[in-house]
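The block underneath contains the structure these notes are about, expressed in structure tokens.
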There are 2 protein chains.
Amino acid sequence: MPTAPSSLSDTDLLRQMIRASGLKVTAPRVAVLRALQQLPHSSAERVFDGVKDELSSTSPQAVYGILAAFTGAGLVRRFDPPGSPALFECRVGDNHHHLVCIRCATVRDVDCVIGQAPCLEPSDNSGFTIFAAEVTFNGLCEQCRTAASTDDD
Amino acid sequence: MPTAPSSLSDTDLLRQMIRASGLKVTAPRVAVLRALQQLPHSSAERVFDGVKDELSSTSPQAVYGILAAFTGAGLVRRFDPPGSPALFECRVGDNHHHLVCIRCATVRDVDCVIGQAPCLEPSDNSGFTIFAAEVTFNGLCEQCRTAASTDDD
DNA sequence: CGGTTTGTTTTGAGTAGTTCAAAACAAACG
DNA sequence: CGTTTGTTTTGAACTACTCAAAACAAACCG
């Protein structure tokens with residue numbers, strides 16, 4: 001299989017990413033990673049919906065397993081919004097944060113206010129060794145704020 | 001029932017707090033609030049364990065309901081650590097953050113690095129109206145770090 | 001002090017999201 | 001191409017939590 005068309009080299013890139021994380025490359029894994037790139041902030045079930053088109057014999061459990069493997073390998077980041085299923089995204093390494101709408105559960109990425117690694121140094125770490133900071137802003141998205149004011153919440 | 005002893009005035013204080021939040025004062029609610037003051041960062045089940053001594057006919061569901069009412073009234077704060085049940089605490093209003101040990105799930109409060117309301121202003125809020133920021137530091141507590149190095153994780 | 005209203009708790013059942021274990025299977029390496 | 005090692009499938013089970021309806025108690029009012 002020599003010089004492949006650009007649509008296939010995209011797949012090759014995904015394969016490389018998976019292998020580089022120390023994981024074996026399989027069709028379900030490639031499909032999950034692609035689905036996640038196309039639909040960031042997806043729940044396991046949403047990812048499953050995205051891959052079941054191209055993979056007929058895949059179950060939600062497989063997706064859970066794949067996402068757990070990816071998260072463990074640092075390939076994807078898991079994010080647990082309160083009151084909703086866990087969400088997954090491909091943006092890793094940068095220490096970005098999340099804006100969550102408390103009404104429609106929309107999630108949007110934000111870079112931090114202060115430099116690259118914000119809040120990564122708490123004033124008193126009580127002997128803890130900090131690895132990562134998870135920052136979530138709870139609010140109302142523009143659309144829901146408008147709806148709330150007419151709707152009278 | 002005039003001037004009560006100090007052990008009872010503690011209960012009275014709890015009753016006042018509940019009433020001040022616009023909620024009716026009931027025995028289970030007082031017990032839950034007291035248990036939460038004694039054991040901060042408790043799950044609903046832990047709270048239930050704490051109150052079932054003094055309240056015989058209480059069910060976990062009642063505790064869920066009471067905690068939901070308290071959270072809605074702003075009397076307690078709910079905190080959802082990834083991979084663990086929701087935790088509740090009495091410290092509200094100050095915008096404090098949490099240190100979570102990824103090994104033993106211990107939670108410890110921290111005040112923020114930058115002033116009173118840190119990170120409450122993201123660089124780009126994308127039209128969102130922000131109400132609160134939830135900041136969680138993931139790391140290893142002192143005890144678990146020691147255990148991890150001898151244990152070789 | 002007792003009746004009425006309103007909000008709370010109990011009881012029971014049910015659900016979503018996730019995890020576990022074992023067998024079938026496929027990728028990677030030689 | 002065979003072997004090893006890791007992955008996926010299948011099926012079931014479990015935890016945390018929610019819902020609805022009936023029993024109940026607090027707060028207010030006369």
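Atom set for the values below is all heavy atoms of this structure, side chains included, hydrogens, waters and symmetry mates excluded. It should be emphasised that the depicted structure is a prediction, and the values quoted were computed from it without experimental measurement. Throughout, a chain's letter reflects where its sequence line sits, starting with A, and its residues are numbered from 1.
Linking Ile, Leu, Val, Met, Phe, Trp and Tyr whenever their side-chain heavy atoms come within less than 4.5 Å puts Leu23(A) and Leu33(A) in one cluster.
Counted within 6.0 Å of CZ on Arg91(A), heavy atoms from surrounding residues, nucleotides or ligands total more than 12; the atom is thus considered enclosed.
Using a 4.0 Å heavy-atom distance criterion, Ser59(B) is classed as a base contact.
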Would you check, one step at a time, whether the test side-chain contact (heavy atoms from CB on, under 4.5 Å) holds for Thr26(A) with Ile66(A)?
CA-CA 10 Å; Thr26(A) 66; Ile66(A) 292 167; 5.6 Å; no
For Leu14(B) and Gln37(B), what are the C-alpha separation, side-chain angles and deciding distance, and is it a side-chain contact (heavy atoms from CB on, under 4.5 Å)?
CA-CA 10 Å; Leu14(B) 295 173; Gln37(B) 283 188 343; 3.6 Å; yes
side-chain contact (heavy atoms from CB on, under 4.5 Å) for Val47(A) and Phe88(A)? Distances and angles first, verdict last.
CA-CA 9 Å; Val47(A) 171; Phe88(A) 298 86; 5.6 Å; no
Residue pair Arg15(B), Ile18(B): steps toward the side-chain contact (heavy atoms from CB on, under 4.5 Å) verdict:
CA-CA 5 Å; Arg15(B) 297 171 63 87; Ile18(B) 294 167; 5.8 Å; no
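Considering every non-hydrogen atom in both Gly74(A) and Val92(A), the closest pair reads O-CG2, 3.6 Å.
Grouped with Leu55(B) in a hydrophobic cluster is no other residue, since no side-chain heavy-atom contact under 4.5 Å to another Ile, Leu, Val, Met, Phe, Trp or Tyr is found.
Annotation: side chain of Val110(A) is not in contact with side chain of Val135(A) (no heavy-atom distance under 4.5 Å).
Protein chain A contacts DNA chain D from dT5(D) to dA12(D), reading 5' to 3' and using non-hydrogen atoms of the protein with a distance under 4.0 Å.
Between its two ends, the helix from dC1(C)-dG30(D) to dG30(C)-dC1(D) turns its axis by 40°, counting five pairs per end and rounding to 10 degrees.
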Could you go over nucleotides 17-20 of chain C and give all protein N or O partners under 3.5 Å, atom names and distances?
residue	atom	partner	partner atom	Å
dG17(C)	OP2	Glu45(A)	OE1	3.4
dT18(C)	OP1	Ala86(A)	N	2.9
dT18(C)	OP2	Tyr64(A)	OH	3.0

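When Arg145(B), Arg108(B), Glu142(B) are each tested for a side chain to side chain contact (heavy atoms under 4.5 Å, CB included) with Phe128(A), only one passes: Arg108(B).
If you check residues 14-23 of chain A against DNA chain D, the residues with a heavy atom closer than 4.0 Å are Leu23(A), listed by number.
Note on residues 39-51 of chain A: pairs passing side-chain hydrogen bond (donor to acceptor under 3.5 Å, both in side chains), not counting sequence neighbours, are His41(A)-Glu89(A), His41(A)-Asp109(A), Ser42(A)-Arg46(A), Asp49(A)-Lys52(A).
With hydrogens and angles ignored, the 3.5 Å screen pairs a side-chain donor or acceptor of Arg29(A) with a backbone N or O of Lys24(A).
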